[in-house]
Asks: 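There's a structure below that I have some questions on.
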Amino acid sequence: MKTINSEHHLDLTQEDEKHYSTLNLGPTHPATHGIFQNVLMMNGETIVGAEQTIGYIHRAFEKIAERRPYYQITTLTDRLNYCSSPINNIGWHLAVEKLLGVETSKRVDYMRIIVMELARIADHLVCNSVIGVDSGALTGFVYVFQEREKIYEIYEELCGARLTTNLGRVGGFDRDFSPAAIQKIKALMKRLPKVLHEFENLLMRNRIFMDRTINVGGISAERALNYSFSGPNLRAAGVDYDVRVQEPYSSYNDFDFVVPVGQNGDTYDRFCVRETEMWESIKLINNALDNLPEGKFYTDVPAFNLPPKQDVYSKMEPLISHFKMVMGEIDVPKKEIYSAVEGGNGELGFYVVSDGGRTPYRLHFRRPGFIYYQAFPEMITGSSLSDAILTMSSMNVIAGELDA
Amino acid sequence: MNIDFILYKLLFAVIILMLSLVVAMYATLAERKVAGFFQDRLGPNRAGIFGLLQPVADGVKLFFKEEFMPAKADKVLYILGPCLTMLVALLSSAVIPWGDTLIIGGKEFALQMADVNIGVLYTFAVVSIGVYGVMIGGWASNNKYALMGSVRAASQMISYELAMSMSIVTIVMTSGSLSLNEIVSQQHGMNWNVFTQPIGFVVFLICAFAECNRSPFDLPECETELIGGYHTEYSSMKLGFYLFSEYINMFIASAMISTLYFGGYNFPFMNELGLSHNWISIIGTLVLMAKIFFFVFVFMWVRWTLPRFRYDQLMRFGWKGLMPWAFINMIVTGFFYMLIKRGF
């Protein structure tokens, strides 16, 4: 193992290394959800140096995207933060709409908000309950996963898929919310507060849990900003930056919601910020559902509006047009745009350079998990192994985002 | 010493051994059922009715798993570790009084394997050896996670044994005996020690959790940090021994709690029932079992409710939290005991 010499780590001499031992945390460790590795330099139970490794699930998304027509990139975004793939899908569609200069209708916007907030709840549920699991309390995890399952059933109703959803189309959706979907969302919104309360009762004021998480894996607002943190992790450090408010997209500015902000940027603050955000998401969904305008579930973007499936299967012209759209026989303007959405674990950005061809000339995903992971060694140096595990799960680093 | 006595003791030893094993076996099933109950799911229900054959299936599976030994492991110690743990877990049940005496054909048969006059010390001695099994296994498997697990186990056990023995000293003080049988018979009826020494009981209960490596003190084997802790490198029945001994330890710990603080085989109104001595003994044994199972349930209940401590918090809690309370309990109880004894 080479000496760790970057600015935040301790400089270790040869003499020091004799007293310390290296420990491979990952890639197949129960607490490295997904696959990533940390090489830790340990002094007993204390971490004196850490080095993170990526590349275990490298899938070359950005390179593949350069050869793929716009519609086919949606499926790549599924695999970024797979805990909240609808946000990624819709985020990509919003980026393409920005490229094309399309204004979507209110109904489409509100439908998107409902789906995105559902995905945010699913994402936060996973993250917060996994903090519980990693601190040894498995029960809360099982409670909330039942509700996450309900959210996945709603996805199924909306698009037929569960994890990698490929949900929505450029300009809107491929189908309207079915009555069953609306009924399922309403049922969930009734049940979820109860379950969330139960979950919070288990952990939030639990003395052991608080001792385990308060002042653990903290990061100052300044350091967080320097690292370009975003999302719940930045808000936990005390910066009220939320893409939904700063750069409203999809008519988020029609709604009134609170952006929770923490103080210390530690694991407990991140946990609480996520909890509060879930409550806000429930309010947002209820509001959007109540005020859902009548109208079409898609906006007219003729070049991107896929023909109805039954026509594709039975008529020649829709089949051809469907084929041409999916294979990218579409004109897009020559442009360079950056479009961002508030993803499940932070600002998910799409930087698209289009040279007018059938595929983007260059596409960069701004993946929040990748950015958090860079700060990981700084956050855990000096703390114990147990703290490192909790810090990692509370950052919500999704392995799918690490490599592009 | 006649042949009857030897035969009886042999038979009783086999029964106690079987009892420990069967209870531990079904404790694994109970744990999963209890976990299912707490987590709003069913638990194992495929093997046999209500999953009753699940422990058998688990055992068969463990036996047929590949025996894997790390290349650089110390062979002798690697095998010795789980054996020692299992042996020690089975030994400690010898001094627990499972019931009063049975009178058959004019002869008195004690429902206790060995009524040694240092029963409390014996249990402690045996349980203390248990940590060697964990340490040897963790060290011999030549794995950093296993080593960390065994180091944690060693310091945890030593720290919590102090507070535990402190609370037991109080019991020994008031009862004036180190024999478990004597301690139990002094708690006749409802004179349970838990009423006179509630602090001691709480301290003992918490320490028992720590001694059994149960959540929230399951740091030596916490899977999210140390993968498997000291048994990371173990497979097949050697792993089975480690897991199994945990459940036996839990059973023994519950038996000790019931014996020391909840009157063992004593139950309220046992004299008023007007039953024969043998019937009282049999009911007493069943009552003891009920108490033990209740505490086993408490062990599981806590495991599926609480998160676990961090290593330094565990140490701080043991030394700064439990030790002072055990001391206070000892001094206060001793003070009042002397007052009462002097006739104030």
Side-chain angles (χ1 to χ4, degrees), chain A residues 20-26 28-33 39-42 44-46 129-147 149 195 198-199 201-204 206-216 267 271 383-390 392-393, chain B residues 31-32 34-43 139 142-156 206 209-210 213-229 231-232 300-317 320-321:
Chain A
Y20 301 146
S21 62
T22 53
L23 185 72
N24 268 308
L25 188 70
T28 52
H29 185 280
T32 53
H33 320 284
V39 182
L40 306 177
M41 186 75 83
M42 308 284 292
E45 290 253 346
T46 316
S129 60
V130 163
I131 297 177
V133 170
D134 283 350
S135 65
L138 193 69
T139 305
F141 171 82
V142 182
Y143 286 170
V144 300
F145 255 55
Q146 288 181 4
E147 302 316 303
E149 181 64 27
V195 178
E198 207 173 12
F199 178 67
N201 286 344
L202 262 177
L203 289 180
M204 214 158 195
N206 183 315
R207 194 65 247 173
I208 301 177
F209 184 76
M210 287 167 79
D211 283 346
R212 284 295 305 277
T213 50
I214 291 176
N215 287 330
V216 166
T267 302
F271 178 85
S383 62
S384 76
L385 178 65
S386 322
D387 289 347
I389 305 283
L390 277 189
M392 179 143 58
S393 46
Chain B
E31 170 108 278
R32 294 163 71 177
V34 168
F37 168 66
F38 279 110
Q39 298 177 348
D40 213 355
R41 55 191 177 83
L42 288 173
W139 185 78
N142 200 14
N143 175 311
K144 280 170 191 163
Y145 287 107
L147 184 65
M148 281 171 93
S150 53
V151 168
R152 282 180 178 190
S155 39
Q156 171 180 331
I206 295 172
F209 276 91
N213 291 334
R214 291 286 297 186
S215 176
F217 304 100
D218 57 346
L219 286 115
E221 48 183 314
C222 59
E223 90 227 4
T224 47
E225 288 160 29
L226 298 183
I227 305 176
H231 56 62
T232 303
M300 292 168 182
W301 182 4
V302 169
R303 172 168 179 188
W304 298 110
T305 311
L306 291 182
R308 75 170 73 82
F309 285 96
R310 198 173 60 212
Y311 183 61
D312 56 320
Q313 291 166 351
L314 176 98
M315 285 295 147
R316 203 179 311 134
F317 182 61
K320 290 187 179 168

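Chain letters run A, B, ... following the sequence lines, proteins first, then strands; residues in each count from 1. In this text, all values refer to a predicted model and were calculated from it rather than measured experimentally.
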Asks: Between the side chains of Asn143(B) and Thr232(B), is a donor N or O closer than 3.5 angstrom to an acceptor N or O?
Replies: no
Asks: Considering only heavy atoms and a distance below 4.5 Å, find which of Val216(A), Leu25(A), Leu202(A) pairs most often with chain B.
Replies: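 If we count pairs closer than 4.5 Å to chain B, Leu25(A) comes out on top.
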Asks: Decide yes or no on side chain to side chain contact (heavy atoms under 4.5 Å, CB included) for Arg214(B) and Val302(B), but give the supporting numbers first.
Replies: CA-CA 9 Å; Arg214(B) 291 286 297 186; Val302(B) 169; over 6 Å; no
Asks: Counting only heavy atoms closer than 4.5 Å, note whether Ser135(A) contacts chain B via side chain, backbone, both or neither.
Replies: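 For Ser135(A), backbone and side chain are both near chain B.
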Asks: Could you name each residue pair satisfying salt bridge (charged side-chain N to carboxylate O under 4.0 Å, His left out) that touches residues 136-147 of chain A, not counting sequence neighbours?
Replies: Glu147(A)-Arg191(A)
Asks: Measure the spacing between CZ of Arg308(B) and CD1 of Ile208(A) and express it to the nearest 0.5 Å.
Replies: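 So the CZ of Arg308(B) and the CD1 of Ile208(A) are separated by 11.0 Å.
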Asks: To the nearest 0.5 Å, what is the distance between CZ (Phe209(B)) and CZ (Arg303(B))?
Replies: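 Result: 11.5 Å between the selected atoms.
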Asks: What residue, out of Phe317(B), Tyr145(B), Tyr311(B), has the most heavy-atom pairs lying under 4.5 Å from chain A?
Replies: Tyr145(B)
Asks: Can you tell which part of Leu203(A) gets under 4.5 Å to a heavy atom of chain B, answering side chain, backbone, both or neither?
Replies: side chain
Asks: Which one, Thr139(A), Asn24(A), Thr28(A), leads in non-hydrogen pairs under 4.5 Å with chain B?
Replies: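 The option with the most such pairs is Thr139(A).
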Asks: Side chain, backbone, both or neither: which part of Gln39(B) has a heavy atom under 4.5 Å from chain A?
Replies: both
Asks: Is Asp211(A) in contact with chain B via its backbone, its side chain, both, or neither, using a 4.5 Å heavy-atom distance?
Replies: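 Interface part for Asp211(A): both.
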Asks: Non-hydrogen atoms of chain B under 4.5 Å away: do they reach the side chain of Tyr143(A), the backbone, both or neither?
Replies: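 Tyr143(A) touches chain B through side-chain heavy atoms alone.
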Asks: Report yes if some heavy atom in the side chain of Phe209(A) is under 4.5 Å from a heavy atom in the side chain of Ile131(A); otherwise report no.
Replies: yes
